[in-house]
Amino acid sequence: MRINTLPTQIASDDSVNTTASTEAIRFQAPPGGRLSPAMGAAFQRDGFLILEDFITPGTCEALIERAGELLAGFSPDTVTVFSTRSQVHKSDDYFLQSGDKIRFFFEEDAFDEAGRLRQARVLSINKIGHALHDLDPVFEASSRTPALATLAAGLGLHEPRLLQSMYIFKQPWIGGEVNCHQDATFLYTEPQSCVGFWFALEDATLENGCLHAIPGRQPLRQRFRRTPGGLVMEDLPHEPWPEIEPIPLEVPRGSLVVLDGLLPHLSGPNHSPRSRHAYTLHLIDGRAHYPADNWLQRAPDLPLRGFEGAVCP
């Protein structure tokens, strides 16, 4: 079912605005992932791009079903809570070593004061990460498609490498907020090359915690990096975020939101009875330098790959 409260109409391929809007501009997904001039101009101006109907309802259902199967097989001998507010996971080996594995992270509000789950485990997981695209065949098939390869090239990634993937549940009632941040804080390259692909597997609305963005790229404010004493969030010289209201990115199921690594964005908590499942991929350019002190590192036997072997879903 499509959302009836989208803030704008679908833009046509020849409608190029030269100034940032107070509402999110959206496009119908281009055939084969080939960006039109209007789409490219919107991404360059805003730092994000909304492409509706990029993946089919069947693909959405397949990823939801597969995430459920993975979760059903999860035996939590280790409990790690994911939070962008407190970074409580930042010295946790389970988190630190997840860059080349499939691991499960609980919602911050999933547990009561006695440490017991407030609701069923299937409704208590925040996300699965961070190498679904390499280690699970269902997620790999949806992550390496010709359309995504074409899209990545159109965004200027000359040697795209799929670095990180996450399945995000945004659970009913307890789905946690994500503070305003830039993806390059966590996936830093020199020069900046991080791009996020955010797939809405369910309708994302104001009620269930859709994305919000401050349009435009901003200088990097922080770096999340490894040190001998553990992970630290390093503050960089910066100005405050622009004093404008973030734009809600409400999108229907099947939409792809493309996010530049320097785009400030966030999402609110989910206090509704409806989940907001999403699948995210983060890419970098293989020509850029990926520092050894980035938090996400992979074992030599699982090197980064691009879209080799991309197949139509």
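From a predicted model like this one, the values you see are computed outputs, not experimental measurements.
- Between Arg66 and Asp136 there is a salt bridge, with a side-chain nitrogen of the basic residue lying less than 4.0 Å from a carboxylate oxygen of the acidic one.
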Would you sort out whether Asp53 and Gln28 count as a side chain to side chain donor-acceptor pair (under 3.5 Å), showing the intermediate values? CA-CA 7 Å; Asp53 297 314; Gln28 192 68 23; 2.6 Å; yes

Applying side-chain contact (heavy atoms from CB on, under 4.5 Å), run through Leu155 and Leu35 and close with a yes or a no. CA-CA 8 Å; Leu155 294 169; Leu35 295 179; 3.8 Å; yes

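- Taking the side-chain contact (heavy atoms from CB on, under 4.5 Å) definition, one finds that Ala147 meets it with Phe54, Thr145, sequence neighbours left out.
- Considering every non-hydrogen atom in both Leu162 and Leu304, the closest pair reads O-CD2, 3.7 Å.
- Using a 4.5 Å heavy-atom cutoff, the side chains of Leu163 and Tyr290 are in contact.
- Here CZ of Arg298 is found 10.5 Å from NZ of Lys101. Values are rounded to the nearest 0.5 Å.
- If you chain together ILVMFWY residues whose side-chain heavy atoms come under 4.5 Å of each other, Ile214 ends up grouped with Trp241, Ile244.
- Listed by first then second residue, pairs satisfying salt bridge (Lys or Arg N to Asp or Glu O under 4.0 Å) with a partner in residues 257-269 read Arg217-Asp260, not counting sequence neighbours.
- Residues Tyr279 and Ile168 form no side-chain contact, since every pair of their non-hydrogen atoms from C-beta on lies 4.5 Å or further apart.
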Quick one, Leu96 with Arg226, criterion side-chain contact (heavy atoms from CB on, under 4.5 Å). Give me CA distance, side-chain angles, the key distance, then yes/no. CA-CA 9 Å; Leu96 279 169; Arg226 292 175 181 250; 4.2 Å; yes

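- With a 6.0 Å cutoff to the six-membered ring centre and a 45° limit on the axis angle, Arg103 counts as a cation-pi contact of Tyr94.
- Cluster membership for Phe106 and Leu123, using ILVMFWY side-chain heavy atoms within less than 4.5 angstrom, is shared.
- Here CG of Asn208 is found 7.5 Å from OG of Ser275. Values are rounded to the nearest 0.5 Å.
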Step by step, would you call Val138 with Glu140 a side-chain contact (heavy atoms from CB on, under 4.5 Å)? CA-CA 5 Å; Val138 175; Glu140 179 168 24; over 6 Å; no

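- For the residue pair His133 / Ser143, no side-chain donor-acceptor distance below 3.5 Å is found, with atom types taken as modelled.
- With sequence neighbours excluded, no residue satisfies side-chain contact (heavy atoms from CB on, under 4.5 Å) with Ala72.
- The two residues Asp100 and Ala299 come nearest to each other via the heavy atoms OD2-N, 2.7 Å.
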May I have the step-by-step check of salt bridge (Lys or Arg N to Asp or Glu O under 4.0 Å) for Glu202 and Arg276, ending in yes or no? CA-CA 6 Å; Glu202 297 178 314; Arg276 194 222 64 189; over 6 Å; no

Might you work through the salt bridge (Lys or Arg N to Asp or Glu O under 4.0 Å) test for Glu159 and Arg287, ending with a clear yes or no? CA-CA 6 Å; Glu159 296 180 13; Arg287 303 181 309 169; 5.1 Å; no

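- Here the side chains of Pro160 and Asp285 are not in contact, with every heavy-atom distance at 4.5 Å or above.
- Taking CG from Leu148 and CG from Leu283, the interatomic distance works out to 8.0 Å, rounded to the nearest 0.5 Å.
- In this structure, CG in Leu249 is found 11.5 Å from CD1 in Ile25, a value given to the nearest 0.5 Å.
- Scanning all heavy atoms of the two residues, the minimum distance from Gln119 to Pro172 falls at NE2-O, 3.9 Å.
- In this structure, CD in Glu108 is found 13.5 Å from OG in Ser124, a value given to the nearest 0.5 Å.
- Shown here for Met233 and Thr185, the closest heavy-atom pair between the two residues is SD-CG2, 3.7 Å.
- For Arg118, the CZ atom is densely surrounded, since the number of other residues' heavy atoms within 6.0 Å is greater than 12.
- Ring-plane geometry between His130 and Phe105 is classed as tilted, the angle between the planes lying from 30 to 60 degrees on a 0 to 90 degree scale.
- Here the closest non-hydrogen pair linking Pro291 and His289 is CD-O, 3.4 Å.
- Checked against side-chain contact (heavy atoms from CB on, under 4.5 Å), Leu206 has the following partners two or more places apart in sequence or in another chain: Cys210, His212, Pro248, Glu250.
- A 6.0 Å sphere centred on CD of Glu239 holds no more than 12 heavy atoms belonging to other residues, nucleotides or ligands.
- Put simply, the side chain of Thr227 never gets that close to the backbone of Leu231: no donor and acceptor are under 3.5 Å apart.
- Taking a cutoff of 4.0 Å between a charged side-chain nitrogen and a carboxylate oxygen, Asp293 and Arg223 qualify as a salt bridge.
- Within the 4.5 Å cutoff, the side chain of Cys180 has no heavy atoms near those of the His265 side chain.
- A heavy-atom distance below 4.5 Å is not found between the side chains of Glu177 and Ser267.
- Applying the under-4.5 Å side-chain rule to Ile, Leu, Val, Met, Phe, Trp and Tyr, the cluster around Leu262 extends to Tyr188, Leu220, Leu236.
- A side-chain contact (heavy atoms from CB on, under 4.5 Å) with Trp198 holds for exactly one of Ile50, Asp183, Val251; it is Val251.
- Within the 4.5 Å cutoff, no side-chain heavy atoms of Phe48 are placed close to those of Leu211.
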Ile174/Asn270 under side-chain contact (heavy atoms from CB on, under 4.5 Å): CA gap, chis, key distance, verdict: CA-CA 6 Å; Ile174 64 168; Asn270 182 7; over 6 Å; no

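- Not a single donor-acceptor pair under 3.5 Å links the side chain of Glu61 to the backbone N or O of Thr59.
- For the atom pair OG of Ser98 and CE of Met166, the computed distance is 10.0 Å after rounding to the nearest 0.5 Å.
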Evaluation steps, side chain to side chain donor-acceptor pair (under 3.5 Å), between Lys127 and Thr280: CA-CA 11 Å; Lys127 70 174 183 177; Thr280 68; over 6 Å; no

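- Taking 4.5 Å as the limit, some side-chain heavy atom of Gln192 sits within range of a side-chain heavy atom of Cys194.
- When every heavy atom of Gly216 is checked against every heavy atom of Pro264, the shortest pair comes out as O-CD, 3.4 Å.
- Side-chain contact between Gln218 and Gln182 is present, with heavy atoms from C-beta onward closer than 4.5 Å.
- A continuous path of Ile, Leu, Val, Met, Phe, Trp and Tyr side chains, each step under 4.5 Å between heavy atoms, connects Phe74 with Leu132, placing both in one hydrophobic cluster.
- Aromatic rings of Phe224 and Phe186 (six-membered ring for Trp) have centroids within the 6.0 Å cut-off, being under it.
- In terms of hydrophobic clustering, with Ile, Leu, Val, Met, Phe, Trp and Tyr side chains grouped at heavy-atom distances under 4.5 Å, Leu266 and Leu187 are assigned to different clusters.
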Working for ring-ring contact (aromatic ring centres under 6.0 Å, His included), residues His277 and Tyr167: CA-CA 7 Å; His277 288 210; Tyr167 189 99; 5.4 Å; yes

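- In summary, of the residues considered (Asp134, Ile128, Leu70), a side-chain contact (heavy atoms from CB on, under 4.5 Å) with Phe139 occurs for Leu70 alone.
- Ile102 is connected to Phe169 through a chain of hydrophobic side-chain contacts under 4.5 Å among Ile, Leu, Val, Met, Phe, Trp and Tyr, so both are in one cluster.
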